[in-house]
Amino acid sequence: ADFGSAFTCGGCGNNCDYSWTTPHSYPQCVSSSYCAFGGCQAGWANCDVTLANGCETSLYTDINNCGACGARCNATNTNMTCVDGRCRILNCLNNFCDYNGIQSDGCEYYSPSGVCPPAPLNYVGCYADGYPKDFVTVFEYNNKMTPSVCQKMCTSYKPPYTYFGLLNGYYCSCGNSYATH
């Protein structure tokens, strides 16, 4: 028998089960003789480096440890949140708005009314698309679709999409990257 596994650690019947472990951790068998802390479950970390409280930090939701220990969600003029290990702007503060849609610089534009005007349009080119699609969110509209209407639709998402495109003046598509094909 393998006496070095977590199921037979040091002898038959000696199972390193999860009952003795700290929160959000898993056990391991050390030197084929005793059970010990093996590591953190996916999405959890021991950011305070204290084994007694286990893997206490959710890397998926903690704004002070978003995606990694010490990775703080912090951007100018915002309330931030951590979603699936990525920092996101929850909302803008004091009549500021996220004019350019770039998460890392926060809500950089001051608007006395608190309403953010549409960002300026920057033409990046004409691209062919393939599968999988670069822009996955698609709005089918009528033949009155304009770049400004498409931009407004794509930037109204939370978080807003970075890019948008028109196809035949009828389809508006949104995405965060382009030109992968």
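- A distance of 8.0 Å separates SG of C92 from CD of E108, quoted to the nearest 0.5 Å.
- Residues that satisfy the ring pair (Phe, Tyr, Trp, His ring centres under 6.0 Å) test with Y60, not counting sequence neighbours, are absent from this structure.
- Looking only at side-chain heavy atoms (C-beta outward), D98 and D105 come within less than 4.5 Å of each other.
- Listed by chain and number, the residues in a side chain to side chain donor-acceptor pair (under 3.5 Å) with S58 are T61 (sequence neighbours excluded).
- Connectivity analysis of hydrophobic side chains (ILVMFWY, heavy atoms under 4.5 Å, direct or indirect) links I63 to nothing; its cluster partners are none.
- Under the 4.5 Å side-chain criterion, counting only non-hydrogen atoms from C-beta, M145 is in contact with C150.
- Residue pairs meeting the ring-ring contact (aromatic ring centres under 6.0 Å, His included) criterion with at least one partner in residues 61-91, sequence neighbours excluded, are absent.
- Y163 pairs by the side-chain contact (heavy atoms from CB on, under 4.5 Å) definition with F135, Y178, not counting sequence neighbours.
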Output side-chain donor-acceptor pairs under 3.5 Å for residues 44-56, partner residues at least two apart or in another chain, one line each.
residue	atom	partner	partner atom	Å
N46	OD1	V49	N	3.4
N46	OD1	T50	N	3.2
D48	OD1	T50	N	3.0
D48	OD2	N53	ND2	2.8
T50	OG1	D48	O	3.2
E56	OE2	C47	N	3.0
E56	OE2	D48	N	3.0

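- Two residues are said to be in side-chain contact when any heavy atoms from C-beta on lie closer than 4.5 Å; T57 and C69 fail this criterion.
- Members clustered with Y110: F96, by chain and number, using a 4.5 Å side-chain heavy-atom cutoff among hydrophobic residues.
- Taking R72 as the reference, N64 meet the side chain to side chain donor-acceptor pair (under 3.5 Å) condition, with sequence neighbours excluded.
- We find the SG-CG distance between C172 and L166 to be 6.0 Å, quoted to the nearest 0.5 Å.
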Only pairs under 3.5 Å count here: list side-chain donor-acceptor contacts from residues 73-84, not counting sequence neighbours, and write none if there are none.
residue	atom	partner	partner atom	Å
N77	ND2	C107	O	3.2
T78	OG1	A75	O	2.8
N79	ND2	N91	OD1	2.9

**Message:** One pair to check against side-chain hydrogen bond (donor to acceptor under 3.5 Å, both in side chains): N95 and S111. What are the steps and the verdict?
**Reply:** CA-CA 6 Å; N95 289 349; S111 171; over 6 Å; no
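- Closest heavy-atom contact between C154 and F164: SG-CB, 3.5 Å.
- Listed by chain and number, the residues in a side-chain contact (heavy atoms from CB on, under 4.5 Å) with S104 are I102 (sequence neighbours excluded).
- Both V149 and Y161 belong to a common hydrophobic cluster when Ile, Leu, Val, Met, Phe, Trp and Tyr are linked at side-chain heavy-atom distances under 4.5 angstrom.
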